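Here is the naming used below: chain letters follow the sequence lines, and residue numbers restart at 1 for every chain. Not measured: the values here are computed from a predicted model.
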Protein chains: 2
Amino acid sequence: MAGNETGRRHSRDDVAEAALRILDDLGLADLTMRRLAGALDVQPSALYWHFPNKQTLLAELADRIVAARTAEPLAEVAAWQDAVRAEADALRDALLAYRDGAEVVSSTLALGLGSPGTVDRLALAVARGGFDVETSRRSATALLHFVLGHVSHEQQRIQYDSLGVLVDHPESPLDEDDPAAAFAFGVGLFVGGLELSRSRT
Amino acid sequence: MAGNETGRRHSRDDVAEAALRILDDLGLADLTMRRLAGALDVQPSALYWHFPNKQTLLAELADRIVAARTAEPLAEVAAWQDAVRAEADALRDALLAYRDGAEVVSSTLALGLGSPGTVDRLALAVARGGFDVETSRRSATALLHFVLGHVSHEQQRIQYDSLGVLVDHPESPLDEDDPAAAFAFGVGLFVGGLELSRSRT
DNA sequence: ACCTGAACACCGTTCAAGT
DNA sequence: ACCTGAACACCGTTCAAGT
């Protein structure tokens with residue numbers, strides 16, 4: 001691990017790493033500047049030398065979380081439908097890799113922060129189907145909204161299951177027995193909608 | 001207005017109304033229990049007689065926000081596609097009616113609180129197309145995620161425009177010039193995907 | 001370049017007690 | 001039935017000053 005536990009001075013990267021560790025161990029609610037400072041054996045005010053505020057720190061975490069995707073642009077030969085599905089799956093995997101990952105990315109995105117790379121990649125995959133830029137962009141943001149919402153619920157359910165030790169689920173219509181299948185279905189709807197809009201041109 | 005400004009005692013409804021007013025005037029970030037208590041001329045602890053905690057209060061607000069939809073089940077004769085689009089539009093309108101409405105509903109939903117009526121209504125509209133219960137439910141949640149994500153961004157942009165007085169938009173790919181059109185496009189993708197899945201049976 | 005110490009202006013929630 | 005008063009255990013952020 002990169003964080004120095006003996007020496008006293010830290011880099012911006014150390015702070016981000018420690019924050020990611022707290023996020024994964026305790027969740028977003030417990031990721032406070034004071035706790036983070038404590039983990040680094042530092043006063044809370046020290047963090048503000050590395051990041052101007054908490055939002056910026058969270059944006060950095062969001063970027064690191066989504067950047068961990070498998071990433072390869074996928075063989076050019078593959079059908080655009082497969083490319084879209086692959087991008088969506090990779091994004092879901094990246095979000096699931098960290099506790100509350102979807103919420104971190106979602107809130108960062110909602111604040112207009114974070115790198116636009118995520119939408120761009122999705123849009124690129126869609127554009128391979130021959131759709132114009134505007135259509136590709138709109139499809140990508142719509143799909144992104146679905147992915148974030150879906151994985152948010154998925155992660156919240158995980159947390160409840162491990163905490164409430166199974167609430168004998170009250171049959172909430174948003175709870176899923178097979179998250180992966182429900183996810184694939186949702187992505188399929190998008191791809192299908194795009195296919196149909198194309199055959200209608 | 002229902003809230004009594006002269007008498008000292010309040011009902012649960014008074015508290016919810018005052019909270020909605022603060023939400024609409026100042027936004028979710030400024031809707032604190034202490035500020036709410038101040039608006040009601042009451043100690044913060046008094047609120048906990050009406051609501052067990054803040055989350056429950058927010059869930060109540062979320063229910064009120066979405067319950068304000070035009071609601072009529074739509075003529076039975078209408079095509080299911082129109083029913084889905086109408087439900088989506090009505091939901092968007094309801095969310096837009098209150099400042100940060102989408103965020104309130106979204107966070108409440110993410111916590112598993114709030115009435116399941118919203119998903120049920122969407123699912124019902126989808127089911128009119130002859131889809132089975134599982135498909136209808138999954139489609140409804142996917143569509144709901146899109147609606148919430150979309151309107152969240154829309155409302156955040158409104159706030160930025162009124163605050164930052166136009167940031168000469170940095171061309172973020174998530175910003176929309178025509179939100180209503182982008183919304184209709186996203187909903188159309190869903191409906192199209194459903195149509196295609198039907199024609200493939 | 002990186003951090004301390006101390007403060008400012010807040011939070012949500014609990015609980016005994018009052019009317 | 002509805003509220004007060006006082007406390008508990010926290011927050012994010014700023015800023016002069018230190019090394």
Side-chain angles (χ1 to χ4, degrees), chain A residues 2-20 22-23 25-62 100 103-104 107-108 110-114 159 163, chain B residues 2-20 22-23 25-62 100 103-104 107-108 110-113 163:
Chain A
N4 56 354
E5 272 114 56
T6 50
R8 200 123 305 115
R9 298 179 116 72
H10 303 280
S11 68
R12 180 183 162 101
D13 190 73
D14 291 334
V15 177
E17 291 266 350
L20 273 179
I22 292 178
L23 178 69
D25 290 344
L26 307 170
L28 182 54
D30 285 330
L31 174 51
T32 70
M33 297 300 267
R34 289 169 183 271
R35 189 186 301 262
L36 175 56
L40 290 165
D41 254 313
V42 134
Q43 295 293 322
S45 50
L47 301 175
Y48 291 83
W49 193 89
H50 300 284
F51 293 92
N53 50 52
K54 190 179 181 180
Q55 274 179 16
T56 309
L57 169 63
L58 288 179
E60 172 69 30
L61 300 191
D100 290 337
E103 256 208 76
V104 172
S107 70
T108 294
L111 292 168
L113 301 175
Q159 214 154 328
L163 263 176
Chain B
N4 57 352
E5 273 112 58
T6 49
R8 200 125 303 118
R9 298 179 117 70
H10 304 281
S11 68
R12 180 184 162 100
D13 191 74
D14 290 334
V15 177
E17 292 265 349
L20 273 179
I22 292 178
L23 178 68
D25 291 344
L26 307 170
L28 182 55
D30 285 329
L31 175 50
T32 70
M33 297 301 266
R34 288 165 183 273
R35 189 186 301 263
L36 176 56
L40 289 165
D41 254 313
V42 133
Q43 296 293 323
S45 50
L47 301 175
Y48 291 82
W49 193 90
H50 299 285
F51 293 92
N53 49 52
K54 190 179 181 180
Q55 275 179 17
T56 309
L57 169 63
L58 288 180
E60 172 69 31
L61 300 191
D100 291 335
E103 256 207 76
V104 173
S107 70
T108 294
L111 291 168
L113 302 175
L163 262 177

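B:Tyr48 approaches B:Asn53 most closely through the heavy-atom pair CE2-CA, 4.0 Å. Here the closest non-hydrogen pair linking A:Ala59 and A:Leu113 is CB-CB, 4.0 Å. Considering every non-hydrogen atom in both B:Val104 and B:Leu58, the closest pair reads CG1-O, 3.8 Å. The two residues A:Leu40 and A:Ala18 make their nearest non-hydrogen contact at CD2-CB, 3.8 Å. A:Val15 and A:Phe51 make their closest contact through CG1-CE1, 3.7 Å (heavy atoms, listed as atom of the first residue, atom of the second, distance). In terms of heavy-atom proximity, A:Ala16 sits nearest to A:Leu61 at O-CD2, 3.6 Å.
A donor-acceptor contact shorter than 3.5 Å is absent between the side chain of B:Asp100 and the backbone of B:Glu103.
Atom P of nucleotide C:dG12 and atom CG of B:Leu36 are separated by 10 Å, given to the nearest angstrom. Between the C1' atom of C:dA9 and the CZ atom of B:Arg34 lies a distance of 11 Å, rounded to the nearest Å. Going from atom CH2 of A:Trp49 over to atom C1' of D:dT13 covers 18 Å, rounded to whole Å. Between the CG atom of A:Leu47 and the P atom of D:dG12 there is a distance of 10 Å, rounded to whole Å. Nucleotide D:dC10 holds its P atom 8 Å from the CZ atom of A:Arg35, rounded to whole Å.
Residues of residues 25-33 of chain B that place a heavy atom closer than 4.0 Å to DNA chain C, in numerical order, are B:Thr32, B:Met33.
One P atom belongs to D:dA9, the other to C:dC10, and the distance between them is 22 Å to the nearest Å. For the P atom pair drawn from D:dA17 and C:dC2, the interatomic distance equals 22 Å after rounding to whole Å.
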Going by atom type alone, with no hydrogens or angles, which donor-acceptor pairs under 3.5 Å involve a side-chain atom of residues 30-38 of chain B and a protein atom two or more places apart or on another chain?
unit_1, atom_1, unit_2, atom_2, d
B:Thr32, OG1, B:Arg35, N, 3.0
B:Arg35, NE, B:Asp30, O, 2.9

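With sequence neighbours excluded, the residues that form a side chain to side chain donor-acceptor pair (under 3.5 Å) with A:Ser11 are A:Asp14.
Side chains of B:Asp25 and B:Ile22 form no contact here, defined as non-hydrogen atoms less than 4.5 Å apart.
For B:His50 and D:dC3, the shortest distance from a side-chain N or O to OP1 or OP2 is below 4.0 Å. Put simply, B:Gln43 has no side-chain N or O that comes within less than 4.0 Å of OP1 or OP2 on D:dC3.
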TODO: Using a 4.0 Å cut-off on protein heavy atoms (strictly under), produce a 5'-to-3' string for nucleotides 14-19 of chain D with B for base contact, S for backbone-only sugar-phosphate contact, and - for none.
DONE: BB----

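Within the structure, the salt bridge (Lys or Arg N to Asp or Glu O under 4.0 Å) test picks out the following pairs touching residues 47-60 of chain A (sequence neighbours left out): A:Arg12-A:Glu60, A:Glu60-A:Arg64.
When base pairs are accepted only as Watson-Crick or G-U wobble with both N-N or N-O distances under 3.5 Å, DNA chain C takes part in stems of 3 or more pairs at C:4-8 with D:12-16, C:12-16 with D:4-8.
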